[in-house]
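Here is the structure we will look at.
All of these numbers come straight from a predicted model, not from anything done at the bench. Just so it is clear, the values below take in all heavy atoms, side chains as well, and ignore hydrogens, waters and symmetry mates.
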Amino acid sequence: MRRIARTVAIGVTSGMAQNPATPPALFDRALLHVRQHRAQAQGPVSFLLDRAAEDMSDRLAAVMREFHAPADLWTPGEGLAGLRARLPSIQRIALDAAGSETLPFAADSLDLVVSALALQFVNDLPGVLAQIRRALRPDGLLLAAMIGGDSLTELRQAFAAAEAECEGGVSPRVAPFADLRDVGALLQRAGFALPVTDVDRVVVRYGNAFALMQDLRRMGAANVLIERRRTPSRRATLLRMAEIYAERFADADGRIRATFDIIWLSGWAPHASQQQPLKPGSAKASLAEAVKKAGET
């Protein structure tokens with residue numbers, strides 16, 4: 001297994017998210033708690049979490065600020081152990097056995113909230129972001145990384161094709177992931193100032209699809225969808241899935257590719273010292289006049 005590619009896309013949000021009613025729960029977070037603990041006991045596969053932790057340390061090092069009331073929200077295992085050494089006062093909030101999404105933070109009690117590879121399993125992400133925003137003091141920072149975008153698109157397609165062919169139907173196998181634009185809009189909706197999102201794409205190669213699935217189990221990231229199939233998968237379907245995966249997503253040497261998109265999101269609790277947008281009509285120069293002058297030269 002090794003990483004073979006990395007691309008980064010950066011976006012500054014400009015639109016507002018829709019305001020739908022609270023969506024139905026997608027994830028069995030109590031089962032997620034069980035599987036994360038099982039993965040830790042078996043020896044976790046942590047290359048994605050290690051990458052996110054290193055990147056988070058670099059991003060925080062670029063922020064010219066001391067944090068005195070930080071919190072780590074739901075990062076699995078020992079993912080941010082290095083950061084906790086740098087911020088010994090950090091409050092660590094672990095996923096509880098019930099998978100509760102109600103945060104234990106008082107209003108205006110924190111100046112930093114970090115989270116690594118946890119928010120992709122939240123049922124009410126708008127609500128959790130709103131709770132974080134309320135907990136942050138003015139000019140407090142949220143910095144988080146979550147799996148999103150086109151993550152595991154190859155596995156999703158291979159399973160769908162195999163089930164359609166072998167069983168005449170498709171069951172939920174891979175969780176739906178938020179994309180970059182949606183996450184940025186949710187930051188704005190929650191009231192964060194200066195929201196920014198970007199994507200770190202990691203492509204990992206495996207000998208076969210079963211090695212990928214084993215890694216997902218050892219990450220504590222196997223299927224926790226509430227609507228997941230509850231009976232064991234048929235052997236013929238699994239074998240056909242692996243064949244389709246290899247047919248569609250293998251390199252010349254026969255090793256398959258698996259895509260993981262790590263979405264980074266950051267935003268600040270509003271404060272008067274932050275850069276503010278200009279009021280409409282306050283510009284002192286005309287864009288039309290500038291374009292006209294440029295055309296005359």
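Relative to the ring axis of Phe159, Arg173 places its NZ or CZ within 45° and under 6.0 Å from the centre. Figure legend: cation-pi geometry between Arg133 and Trp268 absent, as NZ or CZ is not positioned both under 6.0 Å from the six-membered ring centre and within 45° of its axis.
When hydrophobic clusters are built by joining Ile, Leu, Val, Met, Phe, Trp and Tyr residues whose side-chain heavy atoms come closer than 4.5 Å, directly or via intermediates, Met213 is not grouped with Ile244. Residues Phe210 and Val45 share a single hydrophobic cluster, defined by chaining ILVMFWY side chains whose heavy atoms lie under 4.5 Å apart.
For the pair Arg35 (side chain) and Asn223 (backbone), a donor-acceptor distance under 3.5 Å is present. Judged purely by atom type and a 3.5 angstrom limit, Glu101 has no side-chain atom pairing as donor or acceptor with the backbone of Val128. A donor-acceptor pair under 3.5 Å is formed between the side chain of Asp261 and the backbone N or O of Asp150.
Residues meeting the side-chain contact (heavy atoms from CB on, under 4.5 Å) test with Ala160, sequence neighbours left out: Val170.
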Practice task
Quick one: do Arg59 and Asp198 satisfy salt bridge (Lys or Arg N to Asp or Glu O under 4.0 Å)? Show the steps, please.
Solution key: CA-CA 12 Å; Arg59 290 168 186 250; Asp198 63 85; 2.9 Å; yes

Exercise for the section: Please test Asp108 against Arg137 for salt bridge (Lys or Arg N to Asp or Glu O under 4.0 Å), starting from the C-alpha separation and ending with a verdict. Expected result: CA-CA 4 Å; Asp108 299 329; Arg137 299 167 182 169; over 6 Å; no

Problem - Intermediate values then yes/no, salt bridge (Lys or Arg N to Asp or Glu O under 4.0 Å), Arg84 and Glu78 - result: CA-CA 10 Å; Arg84 292 199 298 273; Glu78 297 300 313; 2.6 Å; yes

Exercise for the section: Would you check, one step at a time, whether the test salt bridge (Lys or Arg N to Asp or Glu O under 4.0 Å) holds for Glu54 with Arg51? Expected result: CA-CA 5 Å; Glu54 181 179 358; Arg51 183 188 186 102; over 6 Å; no

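A salt bridge does not link Glu154 with Arg248: none of the charged nitrogens is closer than 4.0 Å to a carboxylate oxygen. Between Asp253 and Arg205 there is a salt bridge, with a side-chain nitrogen of the basic residue lying less than 4.0 Å from a carboxylate oxygen of the acidic one.
Between the side chains of Asp215 and Tyr206, a donor-acceptor pair is found at a separation under 3.5 Å. For the 3.5 Å distance criterion, the side chains of Arg134 and Gln131 fail to qualify, holding no donor opposite an acceptor.
The residue from Asp96, Leu117, Leu95 that alone fulfils the side-chain contact (heavy atoms from CB on, under 4.5 Å) condition with Trp74 is Leu95.
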